[in-house]
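Worksheet for the structure shown next.
Just so you know, these numbers use all the heavy atoms, side chains as well, and skip hydrogens, waters and symmetry mates.
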Amino acid sequence: MPARQPPVRRPPLRAHGATAAPAAPSSGLFVLVSCEHGGKHIPPEYREHFAGYAPLLDSHRGHDPGALVLAQEMAAALDAPLVAATTSRLLVDLNRSPGHPRRYSEITRPLPQELRARIHAEHYQPYRDEVEKLIATAIARGATVVHLSSHSFTPMLDGRLRNADAGFLYDPGRPGEVALCQRWLAALHSRAPRLRLRRNYPYTGRSDGFCTWLRRRYPAAHYIGVELELNQRHATAGGPAWTALRADVVAALQAALHDHPPLQVHRTGLPGAESAPAGERTCMGRRAREDGAGEGGASAGSKGR
């Protein structure tokens with residue numbers, strides 16, 4: 001792979017090759033963890049363009065605090081491959097689809113086309129190709145892929161407080177994603193009932209993102225994609241509470257995957273459901289309320305994680 005592609009880190013239990021997926025487990029599931037916004041690194045050859053932007057790189061605009069360590073822990077607990085980037089999203093946003101107007105930031109968008117093409121070839125495409133190759137190989141071997149994309153969101157955006165500790169983004173029209181999120185949320189609520197858990201919040205599961213892109217390429221029977229969003233206030237505070245939260249999220253995920261197959265959809269409400277204001281959706285409830293509008297229908301380009 002090109003020398004300048006985003007760093008890829010592996011779980012400590014077992015390293016999987018970038019060009020081949022492990023054999024499908026006996027359950028028929030292949031779990032893959034990714035982290036598109038794991039760091040704020042700017043490669044040396046592009047640093048001149050980021051002079052004076054250190055505060056922006058340090059902010060939620062530059063990276064997703066806490067997302068990488070959680071991704072590493074999920075991958076290690078499940079002995080799953082992890083594909084993660086530590087290059088800042090301000091260079092190029094790996095979670096944006098090709099051609100998306102916000103794929104390049106206000107810093108890199110004005111750069112000459114040939115320089116943006118170089119960033120695409122060295123950072124964007126290798127990362128996306130690695131994830132897609134793992135998925136395609138696993139599906140070809142007969143597995144159902146469960147793709148967990150680890151992210152975090154800023155507690156405050158445009159003067160508005162986000163009232164959730166964790167959000168689970170998925171497509172309500174794909175039963176496997178609905179079922180997995182219902183089980184994960186129920187298990188997490190059981191372990192940590194004080195957490196405010198929401199479905200398709202603070203963004204909608206159908207807005208632009210890597211999982212959304214992959215759903216267009218792979219049918220629901222073979223691909224289950226969930227984007228996990230944790231409130232960055234927990235990572236910023238750190239300490240034992242942050243460690244415990246990550247442990248609860250991972251343990252709940254293990255419990256959710258334990259009974260597969262099949263991942264059955266439960267139509268009724270689950271414990272811990274909240275009443276959501278208009279334009280929001282709770283973490284649990286009936287199918288008719290699952291296709292949330294995120295934050296008042298915020299566009300994918302306005303995500304401020």
Side-chain angles (χ1 to χ4, degrees), residues 24-34 67 70-71 73-80 82 135 138 143-151 164-206 209 211-212 214-215 218-231 244-274 276 281-292:
S26 57
S27 66
L29 284 183
F30 173 77
V31 181
L32 166 67
V33 182
S34 72
L70 179 59
E73 290 172 355
M74 286 193 297
L78 299 169
D79 200 14
L82 167 64
I135 292 171
T144 296
V145 172
V146 174
H147 174 204
L148 308 168
S149 179
S150 180
H151 292 262
D165 294 296
F168 294 76
L169 279 55
Y170 61 95
D171 186 338
R174 295 170 78 98
E177 295 181 12
V178 175
L180 175 57
C181 286
Q182 285 182 328
R183 290 185 178 183
W184 196 356
L185 287 161
L188 183 54
H189 173 73
S190 178
R191 294 182 65 89
R194 293 185 178 181
L195 291 178
R196 299 199 70 180
L197 311 176
R198 294 188 180 276
R199 300 181 303 171
N200 285 329
Y201 181 93
Y203 318 109
T204 70
R206 287 174 169 170
C211 289
T212 303
L214 291 165
R215 290 184 195 115
Y218 303 104
H222 299 301
Y223 175 79
I224 295 171
V226 174
E227 183 175 323
L228 174 65
E229 293 273 358
L230 287 189
N231 194 314
L245 172 60
R246 300 196 314 269
D248 286 336
V249 169
V250 172
L253 172 61
Q254 290 176 301
L257 292 171
H258 179 74
D259 295 330
H260 187 91
L263 284 171
Q264 297 179 358
V265 180
H266 300 285
R267 304 293 184 183
T268 58
L270 297 171
E274 300 176 353
R281 292 298 179 266
T282 63
C283 67
M284 302 171 190
R286 296 188 180 276
R287 177 71 176 273
R289 300 171 61 190
E290 288 168 0
D291 192 7

Which atoms form the tightest heavy-atom contact between [X] and [Y], and what is the distance?
X: Val250; Y: Ala77; result: CG1-CB, 3.4 Å
X: Tyr203; Y: Glu229; result: CE1-OE2, 3.6 Å
X: Arg198; Y: Ala164; result: CD-CB, 3.9 Å
X: Arg215; Y: Tyr170; result: NH2-CA, 3.5 Å
X: Asn200; Y: Gly205; result: OD1-N, 2.9 Å
X: Tyr223; Y: His147; result: OH-ND1, 2.8 Å

Reported [atom1]-to-[atom2] distance for the pair [X] and [Y], which is rounded to 0.5 angstrom:
X: Ser34; Y: Leu214; atom1: OG; atom2: CG; result: 8.5 Å
X: Leu188; Y: Leu197; atom1: CG; atom2: CG; result: 5.0 Å
X: Thr204; Y: Leu169; atom1: OG1; atom2: CG; result: 7.0 Å
X: Leu32; Y: Ile224; atom1: CG; atom2: CD1; result: 13.0 Å

Quiz item: Should the pair Arg206-Asp171 be classified as a salt bridge under the 4.0 Å nitrogen-to-oxygen rule?
Solution: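 Between Asp171 and Arg206 there is a salt bridge, with a charged N closer than 4.0 Å to a carboxylate O.
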Measuring only between side-chain heavy atoms, which start at C-beta, is [X] closer than 4.5 Å to [Y]?
X: Leu245; Y: Leu195; result: yes
X: Leu228; Y: Phe168; result: yes
X: Val145; Y: Tyr218; result: no
X: Leu78; Y: Leu253; result: yes

Quiz prompt | His151-Ser149 side chain donor-acceptor pair, cut-off 3.5 Å | solution = yes
Quiz item: For His258, does its backbone N or O pair with a side-chain atom of Arg183 as donor and acceptor, under 3.5 Å?
Solution: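 Absent.
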Quiz item: If only atom types and distance count, is the side chain of Trp184 paired as donor or acceptor with the main-chain N or O of Val249 below 3.5 Å?
Solution: yes
Quiz item: Any salt bridge (charged side-chain N to carboxylate O under 4.0 Å, His left out) pairs touching residues 185-195, not counting sequence neighbours?
Solution: Arg191-Asp248
Practice problem: Please name all residues satisfying side-chain contact (heavy atoms from CB on, under 4.5 Å) with Ala71, sequence neighbours left out, ordered by chain then number. | Solution: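 With sequence neighbours excluded, Ala71 shows a side-chain contact (heavy atoms from CB on, under 4.5 Å) to Val33, Cys35, Leu82, Ser150, given in chain and number order.
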